Amino acid sequence: MEEQLKIDFEKNLKNFSYSDQEKKFKEINFKEFLKQGFPNRKLENWKFSDLSQIIKSNIGELSFYNNYSKENQIEKIELINELEHNKLIIVDGKIVKIDFKFEDKDKIEVLVDQSEKTIRKNINSLINLNNAFSNKFCKIIIKKNYSLKKPLVIYHSTNKNTHFSNTNSRIDFKLEENTCLRVIDIFKDNSEKNFINIYYNFELDKSSILKNYKIDKTINNNVKYSYNNVNQEADSISETFILSSGSKFFKNEINCDLQGQHSSAFVNGIFDLDEENHHEIKSNINHLVENTKSYQLVKSVLEKKSKAVYQGKIFVSSEAQKTDGYQLSNAILLSENSEFNAKPELEIYADDVKCSHGSSSGSLDENSIFYLMSRGLNYKEAKKLLINGFLLDVIEKITDGEIKNLIKDLMGVKE
Amino acid sequence: MRDKQIEDLKDYKYGFSTDIESIKAPKGLNEDVIKFISNIKKEPKWLLDWRLKAFERLKVLKEPDWQKPKYPKIDYQDLYYYSAPKSFNDKPKSLDELDPKLLETYKKLGIPLQEQKRLNGIAVDAVFDSVSVATTFKETLTKQGIIFCSISEAVQEHPELVKKYLGTVIPLTDHFFATLNSAVFTDGSFVYIPPGVRCPMELSTYFRINASDTGQFERTLIIADKGSYVSYLEGCTAPMRDENQLHAANVELIALEDAEIKYSTVQNWYPGDKDGKGGIYNFVTKRGLCKGNNSKISWTQVETGSAITWKYPSCILKGDNSIGEFYSIAITNNHQKADTGTKMIHLGKNTKSKIISKGISAGYSDMTYRGLVDISPNATNSNNFTQCDSLLMGNKCGAHTVPYIKNKNSDSNIAHEATTSKISEEQLHYCQQRGLNAEEAVGLIVNGFCKEVLQQLPMEFAVEAQKLVGISLEGSVG
Amino acid sequence: MLKISNLSAKIDNKSILQDFKLEINPGEVHAIMGPNGSGKSTLSNILSGKKGYEVTGEVMFENNDLFSLETEERAHKGIFLAFQYPLEIPGVNTNVFLKTSLNAIKKARGEKELDAIQFLKLVKEKAKELKFDEEKLGRQLNVGFSGGEKKKNEILQMSILNPKLSILDETDSGLDIDALKTVADGVNALRKKNNSFLIITHYQRLLEYIKPDFVHVLMNGKIIKSGGPELALELEEKGYEKIN
């Protein structure tokens with residue numbers, strides 16, 4: 001792998017016009033990745049999902065260089081019809097289109113060809129990989145007091161002939177004071193056996209609201225990792241919803257720094273897994289100042305040989321009095337070969353806090369099924385009804401009505 | 001029988017300042033030292049080989065570093081692995097030489113003077129009354145075929161049992177500290193309960209007269225044969241002063257078909273002074289194997305002492321319908337640190353486990369609950385319930401909860417609940433309005449918080465443990 | 001017995017009581033009535049020694065300066081507060097709590113502490129008088145009790161601790177008529193020539209069953225009117241706005 005990496009990295013540097021500073025930044029990141037490699041189970045965060053192994057067994061050898069200069073292979077991308085939206089299209093990690101047609105032009109600033117000069121903090125080797133190989137990333141700034149009229153849908157797609165490749169994309173968002181942004185991530189995979197690495201940075205200024213809905217529904221054979229870093233100032237709210245279902249492997253990692261008073265973070269997720277899919281949600285909610293709140297709810301329905309992992313951590317610093325932190329995960333194992341792993345973690349240094357977590361996993365309640373069948377439903381219908389009820393709880397947590405309905409339709413969940 | 005016991009004891013007592021002191025292994029950890037230990041204890045060859053095998057393994061093992069409390073590097077070549085008990089000259093001559101705080105605690109716990117002296121290794125002429133108690137004890141036990149002796153004695157008297165079970169729960173290759181113990185363990189308890197026998201009394205290290213200096217690498221092995229029952233108490237509510245900073249004990253429990261073992265610990269070793277100086281590192285490996293069907297192992301622990309406590313009493317539920325339980329109270333104050341919890345490994349069908357953990361941190365201390373519940377694919381219809389609560393007093397301390405939950409069986413259920421809270425001002429005001437002072441009020445509320453665990457302790461222990469809970473938190477309310 | 005002079009209290013710089021005056025003699029029953037936010041609960045909190053208030057003025061209780069005493073010392077001297085919202089203390093058995101607190105008070109007074117048997121006898125007797133379900137005494141303190149049971153439990157504690165001055169903070173709120181009567185019976189049984197009561201309430205209802213000697217109207221942190229039992233009826237009729 002190392003040989004290939006070096007060749008691809010050199011190619012990447014040569015074929016794109018990076019400034020010396022950018023080159024230096026990429027080189028530092030590249031060296032760091034070379035040193036660490038893909039995360040493996042020896043790392044606490046990757047204990048339940050050994051990515052190095054997963055890539056080896058699902059993809060084999062990866063190539064890291066994507067020749068973006070080549071004419072784009074896909075001509076069309078199927079958009080969602082259910083709601084009007086702004087769009088941002090990424091193909092093989094490269095942003096090919098940004099369109100805020102519903103918004104006031106002067107309220108949104110899009111800085112393309114942004115690049116980071118220094119490494120902010122060392123998060124993990126995948127962020128290094130992303131920094132080393134991603135094409136220039138863009139930064140989207142929402143100007144003070146502006147709420148976007150329509151959501152922004154980010155389409156993540158791959159070219160038909162992209163296989164055994166690693167693609168990296170990165171977008172930074174800045175929500176200035178008193179703004180509101182809804183982001184929907186949708187995956188449109190046109191090819192398989194790729195490792196897709198996504199990194200978002202969100203800066204939430206005072207009183208801003210971010211809602212991010214990640215929908216991984218279509219069945220595909222790709223391995224994905226997504227990292228959301230969210231920094232929150234006073235009175236800001238972040239809401240993240242993850243529907244984790246279609247990919248072969250998907251790990252969603254959410255890091256929220258609640259650094260302004262009365263800021264709050266909500267992370268809700270559904271694992272709806274079949275076959276041998278293996279998905280993970282890892283959250284780090286860092287309560288750093290007084291009066292912050294977080295709420296997390298993750299539910300899993302696991303078929304066949306699927307495996308779901310939820311590692312949720314609530315950290316409360318000694319200054320963060322009056323923290324309210326809550327976390328719950330429930331899982332239903334529908335097959336004797338499915339597996340649910342959880343690590344709900346509390347790390348607390350302040351005493352005037354209210355923090356709790358709960359986790360349960362088990363099979364579908366046979367008594368409830370029996371009850372429904374005695375009322376005339378067949379086994380399949382009864383099961384479906386119970387699972388819908390089980391999942392509805394999480395979907396109801398979605399605060400955006402339009403998007404809630406979209407997700408309900410996608411999942412075939414009825415009230 | 002009785003005469004002989006007293007005689008032995010005399011030898012022991014006077015023996016130390018002359019003979020035993022001259023036999024001290026040189027500093028350091030190497031094959032010669034291990035051979036030396038084995039030789040002194042007149043061990044059979046298989047045991048020496050076993051120790052050496054552990055030592056070979058130790059060479060490639062690394063000290064674990066994933067735990068929360070960090071400690072200064074230990075130089076393993078700078079330790080004595082076998083030294084007979086210290087001579088009287090090195091020990092405090094009277095109680096006056098001790099930390100006055102310690103004496104105050106004894107007074108509050110109501111520990112008799114003679115007992116206080118014994119705990120601190122002060123030379124006492126009339127060795128305490130329990131000699132005769134211990135003798136009558138032994139007679140009753142022997143009549144029922146129960147073996148309760150030191151593990152060195154068991155190696156001589158019952159080698160077939162030791163050989164059969166030693167290292168079957170904690171393998172030689174397990175982890176650094178467990179393997180270190182296997183290589184150099186000095187002494188500890190051995191218990192064997194024959195089939196169908198219900199041990200008529202609580203077995204306790206307290207009554208085992210030669211237990212006072214088992215050293216830092218203690219090894220305990222308890223076997224409950226088919227259909228038997230035993231309740232074993234380890235430790236003592238009074239704080240023990242100890243010269244050894246590192247304690248790496250191994251405890252193995254084996255429950256055969258229909259057998260039950262209840263193992264209770266009150267650990268109150270020296271926690272260091274209020275600035276965090278000194279104190280014991282308690283790195284213990286405790287593991288129970290529910291080997292037979294319908295067997296049960298239950299751990300109860302009250303951990304208030306030591307500078308660093310690092311232990312996870314665990315159950316391997318191998319037999320069908322076997323049950324594992326873990327009840328724990330851990331209290332840290334001042335600069336103490338604890339990383340404790342349990343592992344419940346479900347292998348058999350219809351296995352059940354229950355974890356109740358109560359952690360209280362005060363002062364500048366740090367407390368971590370770390371636990372694993374693992375239900376394997378074959379453990380059909382198994383379930384676990386975990387309740388894990390933390391109470392914080394002040395904002396200089398920390399409480400952490402790190403449960404690992406693995407469910408690989410669809411017919412099995414795992415439920416985990418955890419809360420972190422503090423004693424509310426309102427609760428304190430309410431109690432004080434009813435005439436209790438702040439410390440009494442805290443004691444009462446904390447005992448209420450711990451009740452589910454205290455209930456699991458044998459009666460006479462429970463009362464003392466309750467007092468201990470209050471005392472451990474002294475000075476932590478503003 | 002209790003003499004409050006020029007009492008002012010602030011919390012977070014917000015003034016709650018201003019220049020409050022009240023004197024209670026042995027054997028007297030005083031009622032303080034006032035609308036929400038008039039400072040009623042602040043008064044009971046300050047008398048019982050709750051922290052967090054900025055207080056000026058003087059409160060004397062049987063020649064003791066109350067402000068120099070800790071909460072528990074006030075309890076030892078014979079002040080009892082029946083809380084508006086009795087606290088739940090998980091894991092602590094009600095009987096154990098009662099015995100601990102009774103003996104703490106007895107000890108402070110230099111009296112002989114009760115052993116378990118004496119205590120149980122006393123508690124049984126009192127529970128019967130107050131129609132308090134004995135089974136509840138074996139349960140965790142106030143945990144899972146209904147609102148009425150919690151209030152009755154307060155009165156039971158009062159009758160066992162036998163205080164000199166009992167402060168009842170909105171004890172009537174949330175009680176149905178039967179429970180209200182039981183509570184009143186409990187209070188009346190304790191009315192002796194040396195025991196005094198300060199009843200804090202919003203409504204006149206409780207005062208039908210416990211006849212006060214004096215009624216005071218508290219508005220905006222001050223007593224604006226005092227009188228006999230008839231004042232309570234007048235209040236009920238006219239409402240707080242018009243009483244002035």
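Since we're looking at a predicted model, the values are computed, not measured.
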**OP:** Answer yes or no: are there more than 12 heavy-atom neighbours, outside B:Phe385 itself, under 6.0 Å from its atom CZ?
**Re:** yes

Subject >> B:Lys59, NZ atom: more than 12 neighbouring heavy atoms under 6.0 Å >> reply: yes

Original post:
Could you state the interatomic distance from CG (A:Leu328) to NE2 (B:His416), rounded to the nearest 0.5 Å?
Top reply: 11.0 Å

Original post:
If you tally heavy-atom pairs under 4.5 Å against chain B, which of A:Pro344, A:Ser329, A:Ser356 wins?
Top reply: A:Pro344

Subject >> Any B:Tyr404 side-chain heavy atom under 4.5 Å of A:Gln311 side chain >> reply: no

Original post:
Got more than 12 heavy atoms from elsewhere within 6.0 Å of CD, A:Glu336?
Top reply: no

Original post:
Quick one: does B:Asn395's side chain have a donor or acceptor within less than 3.5 Å of a partner on A:Ala350's backbone?
Top reply: no

Original post:
Given a strict heavy-atom distance threshold of 4.5 Å, which part of A:Glu319 is in contact with chain B: side chain, backbone, both, or neither?
Top reply: neither

**OP:** Kindly indicate whether the side chain of A:His357, heavy atoms from C-beta on, has any atom under 4.5 Å from the side chain of B:Pro403.
**Re:** yes

**OP:** Under 4.5 Å heavy-atom distance to chain B, tell me which part of A:Lys47 shows up: side chain, backbone, both or neither.
**Re:** side chain

**OP:** Enter the distance from A:Ile348:CD1 to B:Asp366:CG here, rounded to the nearest 0.5 Å.
**Re:** 11.5 Å

Subject >> Heavy-atom proximity to chain B below 4.5 Å, by part of A:Phe48 >> reply: side chain

Original post:
Which one of B:Ser412, B:Ala399, B:Cys397, B:Ser421 has the most heavy-atom pairs closer than 4.5 Å to chain A?
Top reply: B:Ala399

Subject >> Part of A:Ser335 lying under 4.5 Å from any heavy atom of chain B >> reply: backbone

**OP:** Without swapping roles, check the side chain of A:Ser363 against the backbone of B:Ser410 for a donor-acceptor pair under 3.5 Å.
**Re:** yes

Subject >> Residues, nucleotides or ligands: over 12 heavy atoms within 6.0 Å of B:Lys354 NZ >> reply: no

Subject >> CG/A:Leu43: more than 12 non-hydrogen atoms of other groups inside 6.0 Å >> reply: yes

Original post:
Pick from A:Cys355, A:Ser361, A:Ser318: which one has the most heavy-atom pairs with chain B under 4.5 Å?
Top reply: A:Ser361

**OP:** Heavy atoms only, distances under 4.5 angstrom: which of A:Gly358, A:Ser360, A:Ser359 has the most pairs with chain B? Name it, please.
**Re:** A:Ser359

Original post:
Is the number of heavy atoms from other residues, nucleotides or ligands within 6.0 Å of NZ (A:Lys322) greater than 12?
Top reply: no

**OP:** I would like to know whether A:Lys343 and B:Val402 meet side chain to side chain contact (heavy atoms under 4.5 Å, CB included); could you show each step before the answer?
**Re:** CA-CA 7 Å; A:Lys343 194 178 114 193; B:Val402 193; 3.8 Å; yes

Original post:
Between A:Phe315 and B:His400, does the ring centre distance come in under 6.0 Å?
Top reply: no

Original post:
Taking every heavy-atom pair that is under 4.5 Å apart, which of B:Asn413, B:Asn407, B:Thr420 has the most such pairs with chain A?
Top reply: B:Asn407

Subject >> B:Lys422 vs A:Val353 side-chain heavy atoms within contact, under 4.5 Å >> reply: no

Subject >> Atom NZ of B:Lys343: over 12 foreign heavy atoms under 6.0 Å >> reply: no

Subject >> Contact leader toward chain B among A:Leu346, A:Asn337, A:Asn341, A:Leu333, where contacts are heavy-atom pairs under 4.5 Å >> reply: A:Leu346

Subject >> chain A contact via B:Asn383 - side chain, backbone, both or neither, heavy atoms under 4.5 Å >> reply: neither

Original post:
Who among B:Leu392, B:Leu391, B:Thr368, B:Ile405 has the most heavy-atom pairs with chain A under 4.5 Å?
Top reply: B:Ile405

Original post:
Does B:Lys70 NZ have over 12 foreign heavy atoms under 6.0 Å away?
Top reply: yes

